[in-house]
Protein chains: 2
Amino acid sequence: MEYRIGDFALITRLSVKSLRNYHDLELLTPTRIDSENGYRFYDESLISRARIITVLKAWNFSLQEIREILESCSDDHEVIHIIKQKKQEIQTRIKALKSIEGELSLLIENEKENKDMKYKTEIEIKETEELNIISITYKGPFSDCGKYIGKLYKAAKGKAAGKVFSLYSEDVNHDDPEGTVCLPVKKEVEGPGIEYRTIPAGKVISLIHIGPYDTIGNSYQKLVDYRNENSLEQTGPYREIYIKGPGFLFPGNPAKYVSEIQMYIK
Amino acid sequence: MEYRIGDFALITRLSVKSLRNYHDLELLTPTRIDSENGYRFYDESLISRARIITVLKAWNFSLQEIREILESCSDDHEVIHIIKQKKQEIQTRIKALKSIEGELSLLIENEKENKDMKYKTEIEIKETEELNIISITYKGPFSDCGKYIGKLYKAAKGKAAGKVFSLYSEDVNHDDPEGTVCLPVKKEVEGPGIEYRTIPAGKVISLIHIGPYDTIGNSYQKLVDYRNENSLEQTGPYREIYIKGPGFLFPGNPAKYVSEIQMYIK
DNA sequence: CCTTGACCCTCCCTCGGGGGGAGGGTTTTT
DNA sequence: AAAAACCCTCCCCCCGAGGGAGGGTCAAGG
């Protein structure tokens, strides 16, 4: 029995367009072509070939690959090593997609956390916990900070365990400022120019600063005033925790940035 | 600072071609175009935009989507629901790939099993185990068999637990043959026209038949002869187990088909 | 016999995300 | 002043189809 292309398309559930395409690619050549009108005629023996093509296509083989398989193989076990390769390829792709999925999930998680957070904007006294961190100390403008944060995250490779923060010495030299960017991590991490250490627990006075970083001086002022009014003794550097800053993608609205400043006291 | 396209390409790690393409798509428009020579000049403020594009591209967003995001969003949390959608999309794709991977693994497993198997071609006496099966009984030519096997596998949906076999009555009518195709399954499975039941354990004489199905009569003959010579009493139907038949893809070499014929005896 | 509608043909355009290269102009370095 | 390095536009290529134009062919019904 011979079928015209339309019927053959119905039988094989391939589109007429695809069938013509496969003909051009010599992937599925009609048994006969009418020399008068150019009509394609398909024998029923081609149905199984069409089935093979459909199956291989569903398995993500390209038409080119399918053609090679059909040319060189006549038995399942000759195909098996090609199939193994394809499986590997698919596994690789799954891995890549999973890693993207992971990143996206992380982002969504983070966003959720930040969403409805209310922040107290009064000075509080807190106990901080011990923290394993990696850090980079740098000199230069604050605007370089982002660069180092990137480095830290890269070095941490997913072992990050908290928000980034900076440490500033109590007696900072404003002409030649020095800062340390830190990232809490789960495990020890190594990297060029990266220091791993543990920050001890301690008592701090803390203040949430909402707004852009260039107005953060005011909040420092408040902390210092509070320290002086209450005759507290400062025992360590300032810690500036970036709770919500520029996003992953967009800088966002600086008026909504949230930072926490901590001053270590006795 | 202004950069020419080549330098900007180095900075952003995008290709010159891509940059020109992004310009055409109004995705990343140069800050200035020299009206004399048409050179594109990129401001450093475009670097972050380029970074966003790179990141989104790595997350599998299309350029079109990226353009929409850049047009309508200025803050991470406005993008978050788009990202959620993308995550869903990626999960869907992972699922699809995993299902393909599963099928391929199954195939590879099967092939491995068949690979170096040696078969005894002498009559043996065996005890068979109890078996849960689904089955379809049909009348008509043996060649329809494949169709029903397909149905069984479809109905089993991965719950298949062994090789397909046929059951033939001891007193088959050769003019109007009736056969039952069976597939062992792990759990009960339902489907239209499909029967689920348990085949009891039993004693059988068994013979491996190697070669195409149309010569299988010889092997039946041998079994019957053996039964008669040893005065055994047949107590159930013939069971014809298809150990290695036409492959998933290709019919393969019929001379290498392997079947086992079992005859239930007391 | 003619029309109508269902088929069929070839040829070209479109999608995405660029790469390769031709052909020609400009800038920078030697 | 020449050579090398850049830049431009324009066109074709990849893949696996789908859409549609423009034209030929076949079967059924009036």
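Order of the sequence lines fixes the chain letters, A, B, ..., with proteins taken first and strands second; residue numbering starts at 1 for each chain.
For A/Glu78 against A/Ser72, the heavy-atom pair with the smallest separation is OE1-O, 3.3 Å. Residue A/Leu107 comes nearest to B/Ile80 through the heavy atom pair O-CD1, 4.0 Å, listed as atom of the first residue, atom of the second, then distance. The nearest pair of heavy atoms linking B/Cys73 to B/Val79 is CB-CG2, 3.8 Å.
To the nearest angstrom, P of D/dC15 lies 10 Å from CZ of A/Arg67. In this structure, B/Asp24 places its CG atom 8 Å from P of D/dT9, rounding to the nearest Å. At whole-Å resolution of the value, CG in A/Asp7 and P in C/dA6 are 15 Å apart. Rounded to a whole Å, the NE2 atom of B/His23 is 14 Å from the C1' atom of D/dC7. One atom, CG of A/Leu56, and another, P of D/dG16, lie 12 Å apart when rounded to the nearest Å.
Bending across the helix from C/dC1-D/dG30 to C/dT30-D/dA1, expressed as the angle between its end axes from five pairs apiece, amounts to 30° (10° rounding).
A/Glu68 and A/Gln64 form a side-chain donor-acceptor contact under 3.5 Å, judged by distance and modelled atom types alone.
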Let me check something: any side-chain donor-acceptor pairs from residues 133-160 of chain A under 3.5 Å, sequence neighbours excluded? List them with distances.
from, atom 1, to, atom 2, distance (Å)
A/Ser135, OG, A/Arg197, NH1, 2.9
A/Thr137, OG1, A/Thr180, OG1, 3.1
A/Lys139, NZ, A/Asp176, OD2, 3.3

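Sorted pairs that involve residues 13-41 of chain A and meet ring pair (Phe, Tyr, Trp, His ring centres under 6.0 Å), not counting sequence neighbours, are lacking altogether.
We find that B/Arg32 and B/Glu2 are joined by a salt bridge, their nearest charged nitrogen and carboxylate oxygen being less than 4.0 Å apart.
Using a 4.5 Å cut-off on side-chain heavy atoms (C-beta onward), B/Tyr257 and B/Lys244 make no contact.
Within a 6.0 Å sphere centred on CD of A/Glu71, other residues, nucleotides and ligands contribute more than 12 heavy atoms.
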Summary of protein contacts for nucleotides 13-24 of chain C, nucleotide by nucleotide, where a base hit scores B, a sugar-phosphate-only hit scores S (4.0 Å, heavy atoms): ----SSSBB---
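Evaluation of the ring-ring contact (aromatic ring centres under 6.0 Å, His included) rule for A/Tyr242 yields A/Tyr213 as partners, not counting sequence neighbours.
DNA chain C is contacted by B/Asn37, B/Tyr39 of residues 29-43 of chain B, taking any non-hydrogen atom closer than 4.0 Å.
The backbone N or O of A/Leu14 sits nowhere less than 3.5 Å from a side-chain atom of A/Ser18 that would complete a donor-acceptor pair.
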